[in-house]
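Structure first, then comments.
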Amino acid sequence: MVNIRLPDGAVRQFDGPVTGLDVAAAISKSLAKAALAIRVDGVLKDIYLPIERDATVEIVTRDTQAGLDLLRHDAAHVLAEAVKELFPETQVTIGPTIENGFYYDFARPEPFSPDDLVRIEARMREIVKRDEPIRREVWDRDEAVAFFKAAGEHYKAEIIAGIPAGEEVGLYRQGAFIDLCRGPHLPSTGRLGTAFKLMSVAGAYWRGNSDNEMLQRIYGTAWANDKDLEAYLLRLEEAEKRDHRRLGREMDLFHLQEEGPGSVFWHPKGWTLFQTMIGYMRRKQIAAGYLEVNTPEVLDRSLWVRSGHVEKFGENMYLTQTPDERVFALKPMNCPGHVQIFRQGIRSYRDLPLYLAEFGKVHRYEPSGALHGIMRVRAFTQDDAHIFCTEEQITEECVKASRLIQQIYHDFGFDDVVVKFSDRPERRVGSDEIWDHAEAALKAALAALQVEWTLNPGEGAFYGPKLEFVLRDAIGRDWQCGTVQVDLNLPERLGATYVASDGSRRHPVMIHRALFGSLERFCGILIEHFAGHFPLWLAPLQVVVATITDDADDYAREVQDAARRLGLRVESDLRNEKISYKVREHSVTKVPVLLVVGKREAETRTVAIRRLGGKAQEVLGLDEALAALAAEARSPLDRVA
RNA sequence: GCUCACAUAGCUCAGCAGGUAGAGCACUUCCUUGGUAAGGAAGAGGUCAUCGGUUCGAAUCCGAUUGUGAGCACCA
């Protein structure tokens, strides 16, 4: 007798061992059809495996997240089976589930072409049609290794050889294809359904290490039903529409060109956005006690040797040689420059904490494959600052800097921010005591902030641990923006000292912090986040006055002047075009407010307001309308909370 | 940097069994004065990314370089 407890609390009795399928069938026919796997006392299991003892059982169906993951995992196996059938010389490696889909890494001397992808997907659909049973087998580890070696599957053999001896090795067999897998799996390939699609091929390193050989990774997406698949593909299209590279062109914000890979040409509108962000940040920082400075972009290489950058960061640095054969480096970071300012004169502990801030443009020779629009560039502007303080002040200063970051993200419309704490890397300077101290201080800051955070083990800077503030963009990519780093090293290397209260000379602690991180990247994120529909205070062009006929030209100029006097960024469109043409054009370039004026408006001194994306129009008196717009266009710093 | 793909007018793209380029939009001029997402006509605009090779002849085939895209690795 086996008692099966269901999630709703009901208990069903069976005469003997039952499978998940039996349980599902006992409940309803449709459930049996939708069932993919079972959760027995919280553990996912294959649906055809017998349940011998009393247990709580949950049927996992394709419309749950767990079911979807199973589906995608199976899609990866079906992909591998299809590839092995079509290209038997290919070696299989791993094929996990990822967000929205799956991938599988293959080793094969010949690359897969886009045409191959089409063939592979067609074969996958055949395998689904064949509805091959998928069955779990338990093997002895060494036998499994020998089996895969004999089959020429050396990667698989290597993976299995890494499993501790004595641990159970589960293999899954479908048709002629057999693969190592923890499972569980669907009972047969037919359960996968038709809602999947191969998306792309790309290279990927074996075990994620760039020293290893490169494999070929095939990406796919899979869903519970065709409708979800369609919706996903539509979402991709929508995401493409808000791609900052496309909007940057359409809104005339910036461009990049071949001669300056990874360097932005900011157009007037883009630069206005950029300056609006700097203006905001400048005020924010001054209010927080920062002192703005500016340091050279080109400095003698010897300084970078002393700072340790040549050794640690040299591969990423631009060097220039002058006619007198001196070698200079373009600064990849602002910190050494700020230390030079700190070193001028004699500092006292009474001067600390000292906040030096700079909108510093840095140059880093990034790997060509890393470049991406204005999100990942080789020349960028940091809203960088260095807080020189005592060891006792570390926690408090980190808390203050982190609070600043949170406030700023909030003002820009981001409330979901992931915080990562990166602790000591293997290659580092400084004693363990110093690291213990620095990490403890940062952790104390996290506790004081009361934020959720995740650990990024071993990812700290070589001079100290760091907090990273990560935003997620519209296409689901994570971008590291703000960062707070504790540095117990550079001040010493570059000879920065202060006189402590007991008269001794000490090295200050340096906290590196950037709030936006890279202004260029943050602009890109804003563009995608808002899909170009900026809030009024950020919009580079806030208002266009558009005429209906040239009867209204004089009045339109008057409206434009009045708006400009109120500080609004405004243009007028007096062209000999129909109003619908003008509406379309300014909608495409994402102008937030259109003030339409014709003969009626000129006579009554009103404006017809049309908002971007809206259909409705509102006719208001000129002064009233402009006052409201001016109020809306105020910086968040000028708004009453 | 690595793998694969791509590079034709400002933009989106067609042309590719090798015979020196084409569309739509944008731009200029003219007509049109039209009330909320493209009014009409005409015109101008390209050393087909760069360099080299094959060929009587290359946008088209081959190679290299540069750049771009999707990933990987790296990262603000």
Side-chain angles (χ1 to χ4, degrees), chain A residues 98 103 105 108 110-114 116-117 199-219 240 243 245-246 249-250 252 255-262 313 315-316 332-333 362 364-384 459 466 468-471 478-483 485 512 514-522 524-525 546-553 575-588 594-601 608-617 619:
Chain A
I98 51 175
Y103 68 78
D105 285 347
R108 175 169 180 254
E110 293 289 307
F112 290 113
S113 70
D116 291 337
L117 234 56
M199 304 297 282
S200 61
V201 213
Y205 296 107
W206 168 236
R207 293 189 185 276
N209 185 334
S210 58
D211 293 332
N212 291 342
E213 61 273 33
M214 183 157 273
L215 309 171
Q216 297 185 64
R217 176 173 296 177
I218 298 181
Y219 282 94
E240 210 179 302
D243 188 307
R245 293 164 296 186
R246 175 184 173 135
R249 180 170 14 82
E250 289 176 356
D252 195 18
H255 84 270
L256 295 124
Q257 67 184 50
E258 198 165 336
E259 290 85 349
F313 208 72
E315 285 179 3
N316 291 293
M333 297 185 192
V362 295
R364 298 182 185 174
Y365 183 74
E366 297 291 335
S368 56
L371 303 182
H372 177 86
I374 63 173
M375 301 281 212
R376 201 60 200 282
V377 289
R378 285 179 173 163
F380 59 99
T381 311
Q382 290 182 312
D383 57 336
D384 202 5
E459 294 294 318
K466 62 180 176 183
E468 292 168 356
F469 294 78
V470 178
L471 293 182
D478 288 337
W479 294 102
Q480 186 185 323
C481 294
T483 156
Q485 308 177 5
H512 307 237
L515 310 181
F516 290 137
S518 148
L519 272 288
E520 282 77 359
R521 171 178 296 179
F522 206 83
I525 293 169
T547 51
I548 293 188
T549 65
D550 52 17
D551 293 340
D553 283 4
R575 290 175 304 173
N576 175 14
E577 296 290 353
K578 291 193 167 182
I579 191 60
S580 53
Y581 182 92
K582 295 182 183 181
V583 165
R584 177 183 152 78
E585 184 162 296
H586 297 116
S587 300
V588 165
L594 209 54
L595 298 182
V596 176
V597 295
K599 213 168 172 180
R600 286 208 301 264
E601 287 76 12
I609 302 179
R610 185 194 164 102
R611 296 276 178 167
L612 176 58
K615 284 263 175 238
Q617 29 178 328
V619 178

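The chains referred to below are lettered A, B, ... by the order of the sequence lines, with proteins before strands, and numbering in each begins at 1. What you are looking at is a predicted structure, and each value in this text was computed from that prediction instead of being measured.
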**Request:** Could you give the distance separating B:G22 and B:C16 at their P atoms, to the nearest angstrom?
**Result:** 14 Å
**Request:** Could you check whether A:R249 gets within reach of a base, just the sugar-phosphate, or nothing at all, counting any heavy atom under 4.0 Å?
**Result:** sugar-phosphate
**Message:** So A:H372, base contact, sugar-phosphate only, or nothing? Heavy-atom distance under 4.0 Å.
**Reply:** sugar-phosphate
**Prompt:** If you look at every strand shown and take non-hydrogen atoms under 4.0 Å, does A:S210 touch a base, only sugar-phosphate, or nothing?
**Reply:** sugar-phosphate
**Message:** What is the separation between atom CD on A:E577 and atom P on B:G40, rounded to the nearest whole Å?
**Reply:** 11 Å
**Request:** Mind checking A:P261 for me? I need base, sugar-phosphate or nothing, with any heavy atom below 4.0 Å counting as a touch.
**Result:** sugar-phosphate
**Fill in**
Here the distance between atom P of B:C2 and atom CG of A:N212, to the nearest Å, is 16 Å
**Item:** Distance in angstrom units between A:R376 CZ and B:G1 P, rounded
**Value:** 13 Å
**Asked** With no angle test and no hydrogens, is the base of B:G1 tied to the side chain of A:Y205 by a donor-acceptor pair under 3.5 Å?
**Response** yes
**Message:** Under 4.0 Å, heavy atoms only, any strand: does A:F516 hit a base, just the sugar-phosphate, or nothing?
**Reply:** nothing
**Prompt:** Is the charged tip of A:R378 near the ring of A:F380: under 6.0 Å from the six-membered ring centre and within 45° of its axis?
**Reply:** no
**Request:** Give the intermediate values and the outcome of side chain to side chain contact (heavy atoms under 4.5 Å, CB included) for residues A:E213 and A:Y205.
**Result:** CA-CA 6 Å; A:E213 61 273 33; A:Y205 296 107; over 6 Å; no
**Request:** Would you classify A:A608 as touching base, sugar-phosphate or nothing, given that sugar-phosphate means primed atoms plus P, OP1 and OP2, and contacts are heavy atoms under 4.0 Å?
**Result:** base
**Item:** First of A:D550 and A:S113 reached from the 5' end of RNA chain B, by closest nucleotide
**Value:** A:S113
**Message:** Mind checking if A:G524 touches a base, just sugar-phosphate, or nothing, with heavy atoms under 4.0 Å?
**Reply:** nothing
**Request:** Have a look at A:V377 and say if it touches a base, only the backbone sugar-phosphate, or nothing, with a 4.0 Å heavy-atom cut-off.
**Result:** base
**Message:** Does A:Q257 have more than 12 heavy atoms from other residues, nucleotides or ligands lying within 6.0 Å of its CD?
**Reply:** yes
**Message:** Tell me which nucleotide, if any, is Watson-Crick or G-U wobble paired with B:G22 when both distances must be under 3.5 Å.
**Reply:** B:C13
**Message:** What's A:F313 touching, base or sugar-phosphate or nothing? Going by heavy atoms closer than 4.0 Å.
**Reply:** nothing
**Item:** Side-chain-base donor-acceptor pair under 3.5 Å for A:Q617 and B:U36
**Value:** yes
**Request:** Give A:G482 one of three labels, base, sugar-phosphate or nothing, depending on what nucleic acid heavy atoms sit under 4.0 Å from its own.
**Result:** nothing
**Asked** For B:G35, which nucleotide is its Watson-Crick or G-U wobble mate, given both distances must be under 3.5 Å?
**Response** none
**Item:** Any donor-acceptor N/O pair under 3.5 Å between B:G1 base and A:E366 side chain
**Value:** no
**Item:** Main-chain N/O of A:G517 paired with A:D383 side-chain donor or acceptor, under 3.5 Å
**Value:** yes
**Request:** Report which part of the nucleic acid A:E213 touches: base, sugar-phosphate, or nothing (heavy-atom distance under 4.0 Å, all strands).
**Result:** nothing
**Message:** Heavy atoms only, 4.0 Å cut-off, all strands: where does A:S580 land among base, sugar-phosphate and nothing?
**Reply:** sugar-phosphate
**Prompt:** B:G69 pairs with which nucleotide, Watson-Crick or G-U wobble, both distances below 3.5 Å?
**Reply:** B:C4
**Message:** Is it the case that B:C72 (base atoms only) and A:R207 (side chain only) share a donor and an acceptor within less than 3.5 Å, ignoring hydrogens and angles?
**Reply:** no
**Asked** So what does A:R245 touch, heavy atoms closer than 4.0 Å: a base, only the sugar-phosphate, or nothing?
**Response** sugar-phosphate
**Asked** Looking only at atom C1', what distance separates B:A38 and B:A64, rounded to whole Å?
**Response** 45 Å
**Message:** Let's test your reading of the model: under 3.5 Å, does the base of B:C72 pair with the side chain of A:R217 as donor and acceptor?
**Reply:** no
**Request:** Mind checking A:E258 for me? I need base, sugar-phosphate or nothing, with any heavy atom below 4.0 Å counting as a touch.
**Result:** base
**Message:** Measure NZ/A:K582 against P/B:G35 and give the value in whole Å, please.
**Reply:** 13 Å
**Fill in**
Rounded to whole Å, the CD1-P distance (A:I218 to B:A5) equals 14 Å
